[in-house]
Amino acid sequence: QPKEDDKKNFYYLSQNKNIEKSSLILNLLNYKIIGIHEKTDNKENNIGYYINNFIENFEIEKIFSNNHINKAVIRRLLRELKISKKEKINKYIIIPREDNFLIWDVIIFGPENTPYQNGKFKIEITIPMDYPFKGPRVYFITKIYHPNFRGDRTQICCCVIPELEPNNFFPSITIIQILDQIYSLLEKPIPNTYSECHRCNYECSDLMLDNEEKYKEIALKWTKDYAI
């Protein structure tokens with residue numbers, strides 16, 4: 001359990017403009033200095049404060065001055081960020097990298113009444129230069145025991161989320177919709193034993209179908225051992 005002085009030091013660091021805020025937020029979560037669901041008005045304890053402050057004060061001018069990113073792509077991504085901030089804060093948070101706006105770190109929260117409850121799982125999204133005409137690549141970074149995700153830096157497969165297949169991605173599809181599907185699969189995994197995809201965990205699927213209680217037991221242990 002961190003001491004109050006530790007929390008204050010992190011809070012003061014967050015006010016330093018020389019500190020990369022995306023890294024700071026991830027560190028705050030990693031070291032459990034603050035938690036997303038803490039109901040408090042104390043800025044030092046409230047991750048929502050850090051996230052809102054980070055997005056609102058994101059260096060928009062710096063992003064738009066980056067000539068290698070199409071301005072229409074930036075506007076589209078900023079709209080999606082605002083939606084995630086307003087509507088999805090209890091499911092996941094998106095933290096764009098300040099040194100590369102086309103890479104997003106995502107912290108997704110384990111749904112209640114699942115073996116993933118109380119776990120925080122990291123996802124990395126790499127966005128192409130011609131988004132949304134080409135879809136992102138999505139990697140599940142945190143190790144997880146789940147029939148649809150292997151985690152451990154494995155790319156999420158289109159057999160799990162069809163929109164990740166290049167031919168199935170259209171400009172009307174958003175990164176938010178893809179993250180919502182990932183969250184839904186954490187709520188209700190779909191066991192699948194019909195194809196041998198190295199990005200899915202078919203051993204877990206078999207166990208879930210044969211012995212659901214044992215699957216939950218292992219998934220819960222992995223959540224405690226590997227989730228943030």
Side-chain angles (χ1 to χ4, degrees), residues 20-23 25-26 29-30 51 54-55 58 63 66-85 88 91-110 116 119-187 189-190 192 195-202 204-205 226-228:
E20 185 176 322
K21 300 302 187 297
S22 56
S23 296
I25 291 169
L26 287 173
L29 287 166
N30 282 335
I51 301 303
F54 172 75
I55 294 176
F58 206 86
I63 299 172
N66 193 331
N67 294 325
H68 80 280
I69 304 178
N70 185 288
K71 304 302 183 288
V73 174
I74 294 173
R75 292 189 185 94
R76 163 73 179 252
L77 293 174
L78 287 173
R79 285 197 300 270
E80 294 197 36
L81 273 177
K82 289 180 179 178
I83 291 171
S84 74
K85 172 191 157 186
K88 309 296 181 179
K91 292 184 177 180
Y92 49 79
I93 55 174
I94 299 173
I95 308 164
R97 294 190 186 175
E98 290 179 288
D99 59 346
N100 186 347
F101 189 61
L102 295 180
I103 299 178
W104 289 4
D105 292 310
V106 179
I107 301 296
I108 191 164
F109 306 102
Y116 313 106
K120 303 181 185 77
F121 303 89
K122 186 178 177 182
I123 291 169
E124 182 182 297
I125 300 176
T126 302
I127 303 164
M129 298 284 288
D130 48 356
Y131 180 81
F133 299 100
K134 184 178 179 182
R137 285 176 293 172
V138 184
Y139 300 86
F140 208 111
I141 305 300
T142 306
K143 194 171 181 179
I144 186 173
Y145 194 74
H146 189 287
N148 306 120
F149 312 117
R150 281 200 177 272
D152 208 16
R153 304 197 69 85
T154 302
Q155 186 173 353
I156 295 176
C157 185
C158 58
C159 70
V160 175
I161 299 177
E163 288 81 359
L164 292 178
E165 165 64 40
N167 292 333
N168 291 336
F169 192 89
F170 300 97
S172 58
I173 299 169
T174 66
I175 293 172
I176 301 300
Q177 290 172 328
I178 291 172
L179 287 172
D180 283 345
Q181 289 188 65
I182 295 171
Y183 187 86
S184 294
L185 286 169
L186 287 176
E187 286 184 306
I190 302 174
N192 184 348
S195 63
E196 292 300 324
C197 172
H198 71 281
R199 297 175 185 171
C200 296
N201 190 335
Y202 288 95
C204 179
S205 286
Y226 302 114
I228 297 172

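When reading the values below, keep in mind they use all heavy atoms of this one structure, side chains included, and skip hydrogens, waters and symmetry mates.
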Just how far is it from atom CG of L185 to atom CD1 of I108, taken to the nearest 0.5 Å? 9.5 Å

Any chance you could measure E124, atom CD, to R153, atom CZ, to the nearest 0.5 Å? 5.5 Å

Q181 side chain to I161 backbone, donor-acceptor under 3.5 Å: no

Looking at P147 and S205, what are the two nearest heavy atoms and their distance? CB-OG, 3.1 Å

Give me the ring orientation class for F121 and Y116: parallel if the planes are under 30° apart, tilted from 30 to 60°, perpendicular past 60°. perpendicular

First locate atom SG of C204, then atom CD1 of I144, and finally report the distance between them rounded to the nearest 0.5 Å. 9.0 Å

Heavy-atom closest pair (P189 atom, N148 atom, distance to 0.1 Å) is CA-OD1, 3.7 Å

Short question: side chain of E165, backbone of P162 - any donor-acceptor pair under 3.5 Å? no

Using the rule side-chain contact (heavy atoms from CB on, under 4.5 Å), only one of L77, I125, I74, T126 pairs with L102; which is it? L77

Closest heavy-atom contact between F149 and L186? CE1-CD2, 4.3 Å

Under 3.5 Å, side chain of N70 to main-chain N/O of D130, donor-acceptor pair present? no

Quick check for you: to the nearest 0.5 Å, what is the distance between E80 atom CD and I127 atom CD1? 7.5 Å

For the CD1 atom of I123 and the CG atom of D105, what is their distance to the nearest 0.5 Å? 10.5 Å

Got a donor-acceptor contact below 3.5 angstrom from the T142 side chain to the K122 backbone? yes

Taking every non-hydrogen atom, the tightest pair across S84 and Y92: CB-CE1, 4.4 Å

